[in-house]
Amino acid sequence: MASLRKGKTVLITSTKGGVGKSTFALNLAGIYSTIEKKVLLLDLDLTSGILAMSLNKKYNKSIYEMSEDIKNNVFEDFSNYTLNYNKYIDCIACPKDPRDASKIDLRYIDIIIDQASFIYDVILIDSSHTLSPTNLYLMDKVDEILFVINNDPLNLKSTRSMVSILNNMNISNYKVLLNQSNNPFKDYFSLYDIKNIIQANIDYTLSSEFYIADIDKLIMSGKIVTMSSDIARIYNKDYSSLMNIATDYLNQGSDDNGKK
Ligand SMILES: Nc1ncnc2c1ncn2[C@@H]1O[C@H](COP(=O)(O)OP(=O)(O)O)[C@@H](O)[C@H]1O
Ligand SMILES: [Mg+2]
């Protein structure tokens with residue numbers, strides 16, 4: 001049901017690929033579905049997004065057709081462009097043909113995000129790890145930015161550069177998620193070291209215990225890990241962390257997000 005209250009927009013990004021952003025976005029959407037909040041997964045990893053594929057449902061239109069229709073004044077109802085996963089989770093896919101990515105004007109993405117915020121409680125925006133014009137625009141646009149990092153020397157160094165860029169841009173509405181779950185054997189640095197290297201706090205952690213050995217099987221069947229039965233019991237601690245992140249984003253007001 002549409003509401004006048006604006007939903008929270010969250011950009012999930014990183015300085016390196018393969019750190020688990022997309023998997024995290026899907027898992028967080030699963031949590032929102034469980035607590036009966038409407039969530040939009042917006043795939044703005046425009047050239048190599050995987051969200052719609054991971055949900056394994058048919059869809060006709062992507063963000064590219066959506067932006068073309070806005071441009072040509074033939075935009076239909078928002079729901080005509082979303083992949084409907086269940087009662088709570090919708091997804092807007094990245095372009096089927098990656099060559100269309102560069103044809104999408106940021107003005108239309110802006111309109112799409114604004115419209116979505118009147119329909120959904122939360123809009124989770126998955127992105128690429130590059131400092132592209134799209135990502136720079138998104139960092140300025142969203143209520144909250146979440147940097148996903150791994151315990152990896154190069155990733156940590158590039159995150160440190162990013163933190164200083166954000167400070168320069170007066171952006172302080174970001175949080176850091178240390179994801180140990182997709183690379184459980186990378187544990188060289190302690191939490192203390194990591195904070196020192198990146199010069200920022202670690203707000204959330206997903207531990208190596210959350211490594212899902214048969215994740216590919218789940219992906220192939222379009223299942224979201226956090227919606228599987230027993231998950232809360234088996235991965236108790238990390239499930240609580242995910243729930244914590246989910247409720248934090250629902251509760252934080254968009255007025256105190258630190259934007260200048
Ligand atoms: N908790 C997890 N357990 C096992 N494998 C994971 C987990 N999270 C992510 N992965 C795997 O790690 C790889 C990178 O994850 P992905 O979410 O695609 O990263 P990104 O979006 O940052 O590029 C994928 O093969 C994914 O299936
Ligand atoms: Mg990804």
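Atoms within a ligand are numbered from 1 in the order they appear, just like the ligands themselves.
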Taking N or O atoms only and a 3.5 Å limit, does [X] qualify as a polar contact for ligand 1?
X: Val19; value: yes
X: Phe210; value: yes
X: Ser181; value: yes
X: Gly20; value: yes
X: Thr23; value: yes
X: Ile50; value: no
X: Asp216; value: no

With no hydrogens and no angle check, do the side chains of [X] and [Y] hold a donor and an acceptor under 3.5 Å apart?
X: Asn150; Y: Asn155; result: no
X: Asp114; Y: Ser117; result: no
X: Ser127; Y: Asp45; result: no
X: Ser207; Y: Asp238; result: yes
X: Asp97; Y: Tyr64; result: no
X: Asp90; Y: Tyr120; result: yes
X: Lys96; Y: Ser62; result: no

> Under 2.8 Å from the Mg ion (ligand 2), is there an N/O/S atom belonging to Ser128?
Replying inline: no
Any heavy atom of Ile215 under 4.0 Å from ligand 1? The part involved is side chain
- For the pair Lys186 and Asp152, find out whether any cationic side-chain nitrogen is under 4.0 Å from an anionic carboxylate oxygen. yes
_Salt bridge present between Lys8 and Asp121 (N-O < 4.0 angstrom)_ =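 No, Lys8 and Asp121 are not salt-bridged.
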Per-atom filter on ligand 1: closer than 4.0 angstrom to a heavy atom of Tyr211 are 3 (N), 4 (C)
Quick note on ligand 1: atoms under 4.0 Å from a heavy atom of Lys21 include exactly 17 (O), 19 (O), 20 (P), 21 (O), 22 (O), 23 (O)
May I ask you to identify the nearest protein heavy atom to [atom], giving residue, atom name and distance to one decimal place in Å?
atom: atom 14 (C) of ligand 1; answer: Gly18 O, 3.8 Å
atom: atom 3 (N) of ligand 1; answer: Ile212 N, 2.9 Å
atom: atom 10 (N) of ligand 1; answer: Asn182 CB, 3.4 Å

request  = Flag atom 24 (C) of ligand 1 as yes if some protein heavy-atom distance to it falls below 4.0 Å, otherwise no.
outcome  = no
Here the gap from Ile31 atom CD1 to Ile245 atom CD1, rounded to the nearest 0.5 Å, amounts to 9.0 Å
